> 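Provided herewith is a single structure, encoded as structure tokens, for subsequent inquiry.
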Amino acid sequence: MGPRQIPLIFSLIVIPVVFLGAVYYPWAQLQSLRWLQVLVLANPLVYVSEGLRGALTLSTDTCITWRYILA
């Protein structure tokens, strides 16, 4: 892998993981796209971002473990 391939890897791996990791939106906002809501649960970044969102805000709209299990 050469230095010219780094932007390709960034655009194919890092950007989709971040955008589908519930970093810029709460996981619960994907209710209208149920298939995507279930699909993003495979992304470990969802659990990190939702955990931080729940710890740092008073919002109760963060996802919890039993929601993941039942999804």
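We count residues from 1, following the sequence as given. It should be emphasised that the depicted structure is a prediction, and the values quoted were computed from it without experimental measurement.
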> Among L36, L30, L39, which one satisfies side chain to side chain contact (heavy atoms under 4.5 Å, CB included) with L20?
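The passing option is L36.
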> When you measure from the side chain of Y25 to the backbone of F19, do you find a donor-acceptor pair of N or O atoms at a distance under 3.5 Å?
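Side chain of Y25 to backbone of F19: a pair is present.
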> With a 3.5 Å distance limit and no angle check, can you tell me whether E50 reaches the backbone of P26 through a side-chain donor-acceptor pair?
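Side chain of E50 to backbone of P26, a donor-acceptor pair under 3.5 Å: no, none is there.
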> Where the side chain of R53 meets the backbone of V48, is there a donor-acceptor pair that is under 3.5 Å apart?
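Answer holds: no.
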> Does the side chain of V14 come within less than 4.5 Å of I9's, by heavy atoms?
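When only atoms from C-beta onward are counted, V14 and I9 do not touch, as no gap falls below 4.5 Å.
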> Can you tell me how far the OH atom of Y24 sits from the OG atom of S49, to the nearest 0.5 Å?
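It is 11.0 Å, given to the nearest 0.5 Å.
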> Quick one: side-chain contact (heavy atoms from CB on, under 4.5 Å) partners of L12, sequence neighbours excluded?
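Counting only residues at least two positions away or on another chain, L12 forms a side-chain contact (heavy atoms from CB on, under 4.5 Å) with L8.
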> Where is the tightest heavy-atom contact between W27 and L41, given as atom of each residue plus distance?
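Nearest pair, atom of W27 first, then L41: NE1-CD2, 3.4 Å.
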> Check ring pair (Phe, Tyr, Trp, His ring centres under 6.0 Å) between F10 and all other residues, then give those that pass, not counting sequence neighbours.
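Ring pair (Phe, Tyr, Trp, His ring centres under 6.0 Å) check on F10 returns nothing, list empty.
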> What are the two closest heavy atoms between P16 and S11, and how far apart are they?
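For P16 versus S11, the nearest heavy atoms are CD-O, 3.6 Å.
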> Indicate the atoms forming the closest heavy-atom contact of V23 with L45, along with that distance.
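Shortest heavy-atom separation between V23 and L45 comes out as CG2-CD2, 3.7 Å.
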